[in-house]
Structures are given as structure tokens and as C-alpha cells.
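Structure, as C-alpha cells:
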Amino acid sequence: MKKSRNIAYVVNENNDLYYKNLKIIKLEVKKKLKTMNYLLKNSDSGYLAKINSITIGKALYPKPAFNPYARNYINNLMALFNLNKLFEEAIYVDMVKPMKKKVSNQNIIGFHHFVVPFILNKKRYRVFLTAQEKRSTKVLVLLTVKIEKMPFYLTDCLRLKKQTNLKKLSKNIKIYDYIQKDYLTYNIDNIKSSNKYIKEDYCEYVGYVK
């Protein structure tokens with residue numbers, strides 16, 4: 001990856017769907033994901049990934065018991081409209097190995113984690129992406145998408161909303177390690193990104209914010 005001083009922000013281009021009926025949003029998400037039937041390349045790590053039926057299933061039904069009307073679930077759905085751009089622009093965090101002693105996991109090398117800044121309805125978020133790597137292929141499979149508000153800094157009060165940096169983006173990222181049975185915590189100093197030159201506060205945008 002080129003030694004860039006800027007982080008590319010991905011901007012949601014489907015805000016008009018945000019307050020639509022949930023059934024409509026889910027149908028549109030499914031339709032959109034099916035159009036992303038090509039290999040995606042992460043510009044930071046160089047990894048290739050694809051979206052398949054497993055991705056779509058986990059996106060629409062992230063766990064056995066969840067509230068489909070929760071605001072964060074709807075935010076996740078909105079992020080999925082931009083999944084191709086989110087993966088392409090994401091910063092690489094780390095790879096965590098799968099659980100031991102699981103027969104079904106013998107073909108799985110590990111789970112790669114990424115984070116990317118995201119604008120939704122003019123609010124700042126960061127999106128965490130997880131992709132699975134198998135021994136049988138070099139192409140990852142995108143599995144999960146999780147959105148949360150961007151960590152707050154006191155200096156945010158003095159900045160325009162269009163600014164971010166790697167320190168904020170990578171602040172207190174927590175990834176559960178099933179082997180250690182504990183959370184791993186990441187910050188700017190220990191993420192595995194190949195781009196350690198992103199120090200500037202200003203970010204470039206992918207998309208358009210009104």
C-alpha cells in the first residue's frame with residue numbers, strides 16, 4: 001500500500017432507505033450484496049475476498065437471537081450496502097486462529113479483522129469486518145459486519161466532522177480470542193496494518209456528503 005497520510009472515509013449513499021420499512025431494507029440489502037459477485041481487494045493488506053451466501057445469511061441474521069428493530073441492526077444493514085467499498089478501504093487489524101479441537105475448523109486457518117471509518121446520516125462510525133481464510137483457497141470469505149460510533153476525543157470539538165486519524169480509528173479495538181478465551185485489545189501501536197504512515201487528522205472521502 002502506498003505510504004498515505006490520509007484515510008479514505010466510506011460514505012453511505014443509501015440514506016433515503018434508512019427510514020423505510022425493515023422488510024424493504026433487508027430485500028434491498030440482499031439484492032445489493034448479490035451484485036457484488038466479484039473479487040474484492042483490500043488496499044491495505046492486499047487480501048482478496050468474496051461475498052457469498054454465507055455472508056448474506058450472517059448479514060441478515062447475525063445470531064440466533066437478535067432484535068431486528070434495534071437501531072444498531074439497521075445501521076449494520078445500511079453499512080452492508082457499502083460492503084465492497086468498506087472492505088477495499090479498510091485498515092488491517094490482525095488474524096486470530098480458530099478454536100482448537102473442532103473438526104469442522106480443521107480447514108480454517110483463521111479469521112482476519114479489519115476496521116474502516118464510515119459516514120451514515122452525517123454521523124461518524126467505524127465498521128469492523130471479519131473474513132475467514134481456509135487452507136483450500138487464498139480468497140477470504142467476508143463473514144460479519146459490525147458498526148459502532150467512532151471513539152470520541154476532546155479535540156473533536158475543535159474539528160470538522162470530516163476529520164479522523166488512525167489513532168482514533170484503532171482506539172481500543174477488542175477481538176475475542178477463542179484459544180486464549182479472552183479479548184485482545186488493539187491500538188495504533190499493535191495493529192498489523194502495513195500503513196503506519198497514516199498520522200494526519202484529515203481524511204479523504206469515498207462518496208459524497210451533503
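- Between the NZ atom of Lys171 and the CG atom of Asn187 there is a distance of 8.5 Å, given to the nearest 0.5 Å.
- Note on residues 24-49: pairs passing ring pair (Phe, Tyr, Trp, His ring centres under 6.0 Å), not counting sequence neighbours, are Tyr47-Tyr92, Tyr47-His112.
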Applying side chain to side chain contact (heavy atoms under 4.5 Å, CB included) to Leu48 and Leu40, what does each step give before you reach the verdict? CA-CA 5 Å; Leu48 297 175; Leu40 307 173; over 6 Å; no
Audit row: His113, Asp94, side chain to side chain contact (heavy atoms under 4.5 Å, CB included) steps and yes/no: CA-CA 5 Å; His113 296 265; Asp94 199 4; 5.6 Å; no
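- Contact of the Lys50 side chain with the Leu142 side chain is not registered, since no non-hydrogen atoms from C-beta on lie closer than 4.5 Å.
- Closest of all the heavy-atom pairs between Ala59 and Leu77 is O-CD2, 4.1 Å.
- Note that CD1 of Ile188 is 4.0 Å distant from CG of Leu166, once rounded to the nearest 0.5 Å.
- At least one side-chain heavy atom of Asn14 sits under 4.5 Å from a side-chain heavy atom of Met78.
- Of the possible polar contacts, one joining the Asn76 side chain to the Ile147 backbone as a donor-acceptor pair under 3.5 Å is found.
- Follow the hydrophobic side-chain contacts under 4.5 Å out from Leu60 and you reach Leu129 in the same cluster.
- Using a 4.5 Å cut-off on side-chain heavy atoms (C-beta onward), Val145 and Val127 make contact.
- Of all the heavy atoms in Pro117 and Met150, the pair that sits closest is CB-CE, 3.8 Å.
- Both Tyr183 and Tyr178 sit in one connected hydrophobic cluster of ILVMFWY residues. Membership requires side-chain heavy atoms under 4.5 Å apart, directly or through other members.
- Asn82 is listed as a side-chain neighbour of Phe118, based on a closest heavy-atom distance under 4.5 Å.
- Under the 4.5 Å side-chain heavy-atom criterion for ILVMFWY residues, a single connected hydrophobic cluster contains both Ile54 and Phe111.
- With values rounded to the nearest 0.5 angstrom, Tyr61 atom OH is found 11.5 Å from Ile56 atom CD1.
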Would Ile91 and Leu169 satisfy side chain to side chain contact (heavy atoms under 4.5 Å, CB included), going step by step from the backbone distance to the final call? CA-CA 9 Å; Ile91 298 299; Leu169 180 64; 3.9 Å; yes
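- Atom CG of Leu86 sits about 14.5 Å away from atom CZ of Arg126, to the nearest 0.5 Å.
- Rounded to the nearest 0.5 Å, atoms NZ (Lys32) and CG (Leu17) are 10.5 Å apart.
- Applying the side chain to side chain donor-acceptor pair (under 3.5 Å) test to Thr144 and every residue at least two apart in sequence or in another chain returns Thr130.
- Between Asp182 and Asp177 there is no side-chain heavy-atom pair separated by less than 4.5 Å.
- Val141 places a side-chain heavy atom less than 4.5 Å from the side chain of Thr55.
- Proximity of Val96 to Leu184: side-chain heavy atoms (C-beta onward) are separated by under 4.5 Å at one or more points.
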Determine, step by step, whether Leu39 and Val139 satisfy the side chain to side chain contact (heavy atoms under 4.5 Å, CB included) criterion, reporting the C-alpha distance in whole Å, the side-chain angles of both residues, the deciding distance to 0.1 Å, and the verdict. CA-CA 8 Å; Leu39 289 183; Val139 179; 3.6 Å; yes
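- The line from CG of Leu140 to CD1 of Ile51 is 12.0 Å long, rounded to the nearest 0.5 Å.
- Closest heavy-atom contact between Gly110 and Pro98: CA-CD, 3.8 Å.
- Under 3.5 Å, the side chains of Ser193 and Asp44 contain a donor-acceptor pair of N or O atoms.
- In the displayed structure, Tyr176 atom OH is contacted under 6.0 Å by more than 12 heavy atoms of other residues, nucleotides or ligands.
- With sequence neighbours excluded, the residues forming a salt bridge (Lys or Arg N to Asp or Glu O under 4.0 Å) with Glu28 are Lys31, listed by chain and number.
- In this structure, Tyr9 and Arg124 have side chains that are in contact, with non-hydrogen atoms separated by less than 4.5 Å.
- Aromatic pair Phe114/Phe87: ring centres closer than 6.0 Å.
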